[in-house]
2 protein chains.
Amino acid sequence: MHHAFEVDESWMREEGASTAEWLTERPSPSRILQRDECLYCMGAAAEGVHEVVTGVLKSVVVHPDGREQVVGFHVPGDIVGYDALVQSTRSCSVVALDTAGVRSLPPVCLGRQGAETAALADIVTGLFRDLQRLTDQIYLERATTRQRVAAFLLHQARDLARQGCSERELVLPMNRRDLACFLGLAPETLCRALSVLRRRRLIGVERNVIHIRDSAGLQAEAAGNE
Amino acid sequence: MHHAFEVDESWMREEGASTAEWLTERPSPSRILQRDECLYCMGAAAEGVHEVVTGVLKSVVVHPDGREQVVGFHVPGDIVGYDALVQSTRSCSVVALDTAGVRSLPPVCLGRQGAETAALADIVTGLFRDLQRLTDQIYLERATTRQRVAAFLLHQARDLARQGCSERELVLPMNRRDLACFLGLAPETLCRALSVLRRRRLIGVERNVIHIRDSAGLQAEAAGNE
DNA sequence: CGACAAATTGAGTGTTTTCAACGATCGTGG
DNA sequence: CCACGATCGTTGAAAACACTCAATTTGTCG
């Protein structure tokens, strides 16, 4: 498979004002979650929408055959729980990867006339962002392992840089298993890909800390130019 | 030509007529598209949201390298063009697979106060449905070829049944290449998978007409029980 | 230190892709 | 009406790729 796709801004999450905005002022969490604690569980009654304030969470879907799929990771500023707006039960579980803080957003009733249109606009924007992210992810699903991993690392670095962290020294908040599950790989395959990138001097790997040594090389890798 | 199985000749009706006997009355299209004609193109100015009235369209993302990804198919009743609500340029192209009719929906301004909340609610619902469909698709991406194909056929059958067509005799509106692209497979792989399902007596394949002979067997196949 | 889990590496297996060839279908023009 | 070419669909064989299973190393915590 030789998908030579560019890693340009287009597949990154929608940028925008939310970036600088939450850097400066961040609301205080109304609830603190411990590691592996559920914000809510699949199948439970859906009540309300939440914003991630600190920490990282994952959305997990458990399929009838028992396989679990990590649908996405959520960093501060992200909104989770849209399903509450449309249906009565949760369609996925949201779990804290580590200690994390979230806050509840004011309830919005879709059916009622005169509902807060501003809130609805935010929701539409957030949903659309998720939609694009999923589309991008589907494209990544069809790339080779190394492309996927390289693209993910660049994406992550970009994300962290926006939050003021170094863009060369990125700390993965999730373990290999979760990351592999998210990327749709076997943990061993992910590990091998990281090893290859390390051997090629593109990155340094120190457990959960990835050091990006050759950003351009990584982009070439993500684009399929080997 | 010898039919290896009973073929209901009703599918001989022209393509757009697959939805001819719709239960409720449907709005009249404001625009007719010919085969391979673009409703709108990726990168173009995004203006307005459309509803599919007749025929089938596909959403296509063309990547910098020229490769194209079929993001989804749209049947009558579907809404396309949500990106106009959020951004100024189209993020994908929408192309008619065959003659198709669409109508423009009344414009909705996200920012304005007192906007039509009913319309917004519809939009949120539609977006959320797309989101779930993409989540399902990502799950399918990680399944084997036969699972993917079986699941797609069942999904398609269910869709058509909702429109009053036979749920055993389904007409694929897209060619193998588009379908393979949508499923993330090589056309040859898709073809082989169909042949396997046919050899197992789960389906009959006659060009673009798929006859579902063993729905339960197909479901087992889709679930991974072989 | 020792036990346990996570991460890494190796070898073998299975699936999908690629490349190539062939048959069928359809539209066009002679 | 038929021949022709173009496209699509199908099948075969070989290669590339990721997965599974197993063993080893590394890191963490009691």
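Sequence lines set the chain letters: A, B, ... in the order given, protein chains first and strands last, and positions in each chain run from 1.
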* Asked: With a cut-off of 6.0 Å (strictly less than), are more than 12 heavy atoms of other residues, nucleotides or ligands near CZ of B/Arg177?
  ->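 Not buried by this count: 12 neighbours or fewer within 6.0 Å.
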
* Asked: Is atom CZ of B/Arg31 surrounded by more than 12 heavy atoms (other residues, nucleotides or ligands) closer than 6.0 Å?
  ->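 It does: B/Arg31 CZ has more than 12 such atoms within range.
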
Could you state the [atom1]-[atom2] distance from [X] to [N], rounded to the nearest angstrom?
| X | N | atom1 | atom2 | result |
| --- | --- | --- | --- | --- |
| A/Arg146 | D/dC17 | CZ | P | 7 Å |
| B/Leu179 | D/dC8 | CG | P | 14 Å |
| B/Arg142 | D/dA18 | CZ | C1' | 14 Å |
| B/Leu194 | D/dT11 | CG | C1' | 13 Å |
| B/Glu141 | C/dT16 | CD | P | 13 Å |
| A/Arg176 | D/dT26 | CZ | P | 15 Å |
| B/Asn175 | D/dA6 | CG | C1' | 14 Å |
| B/Arg35 | C/dC26 | CZ | P | 12 Å |

Tell me the closest heavy-atom pair linking [X] and [Y], and the distance in Å.
| X | Y | result |
| --- | --- | --- |
| B/Ala151 | B/Ala222 | N-CB, 3.8 Å |
| B/Asp83 | A/Phe128 | CB-CZ, 3.3 Å |
| A/Gly55 | A/Ala100 | CA-CB, 4.0 Å |
| B/Leu57 | B/Leu33 | CD2-CD1, 3.7 Å |

* Near DNA chain C, which residues from residues 202-213 of chain A have a heavy atom under 4.0 Å away? ->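 DNA chain C contact set from residues 202-213 of chain A: A/Val205, A/Arg207.
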
* Could you tell me whether A/Arg133 and A/Asp136 make a salt bridge, using a distance below 4.0 angstrom between a side-chain N and a carboxylate O? =>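 Judged by the 4.0 Å cut-off on N to carboxylate O distance, A/Arg133 and A/Asp136 do not form a salt bridge.
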
* Asked: Picking from A/Arg198, A/Glu206, A/Glu169, what satisfies side chain to side chain donor-acceptor pair (under 3.5 Å) with A/His211?
  ->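 Passing option: A/Glu169.
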
* Asked: In terms of the nearest nucleotide of DNA chain C, which residue is placed more toward the 5' end: A/Met174 or B/Thr145?
  ->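 By nearest-heavy-atom nucleotide position, the 5'-most residue is A/Met174.
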
Between the protein and nucleotides 9-14 of chain C, which nitrogen or oxygen pairs are less than 3.5 angstrom apart?
{"residue": "C/dT9", "atom": "OP1", "partner": "A/Arg198", "partner atom": "NH2", "Å": "3.2"}
{"residue": "C/dT9", "atom": "OP2", "partner": "A/Ser195", "partner atom": "OG", "Å": "2.2"}
{"residue": "C/dG10", "atom": "N7", "partner": "A/Arg192", "partner atom": "NH1", "Å": "2.8"}
{"residue": "C/dG10", "atom": "O6", "partner": "A/Arg192", "partner atom": "NH2", "Å": "2.9"}

* **Non-neighbouring partners of A/Glu47 that pass side-chain contact (heavy atoms from CB on, under 4.5 Å), sequence neighbours left out** =>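 Scan of A/Glu47 (side-chain contact (heavy atoms from CB on, under 4.5 Å), adjacent residues dropped) gives A/Ala45.
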
* salt bridge (Lys or Arg N to Asp or Glu O under 4.0 Å) contacts in which one or both residues fall within residues 180-192 of chain A, not counting sequence neighbours ->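 Found none.
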
* End-to-end axis angle, where each axis spans five pairs of the helix from C/dC1-D/dG30 to C/dG30-D/dC1, to 10° ->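 The value is 30°.
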
* To do: For A/Leu185, answer base if it contacts any base atom (sugar-phosphate contacts may also be present), sugar-phosphate if it contacts only those atoms, and nothing otherwise; contact means non-hydrogen atoms under 4.0 Å.
  =>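 Here A/Leu185 touches the backbone only, sparing every base.
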
* Would you please name every residue forming a salt bridge (charged side-chain N to carboxylate O under 4.0 Å, His left out) with A/Arg103, sequence neighbours left out? =>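 Listed in chain order: A/Glu51.
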
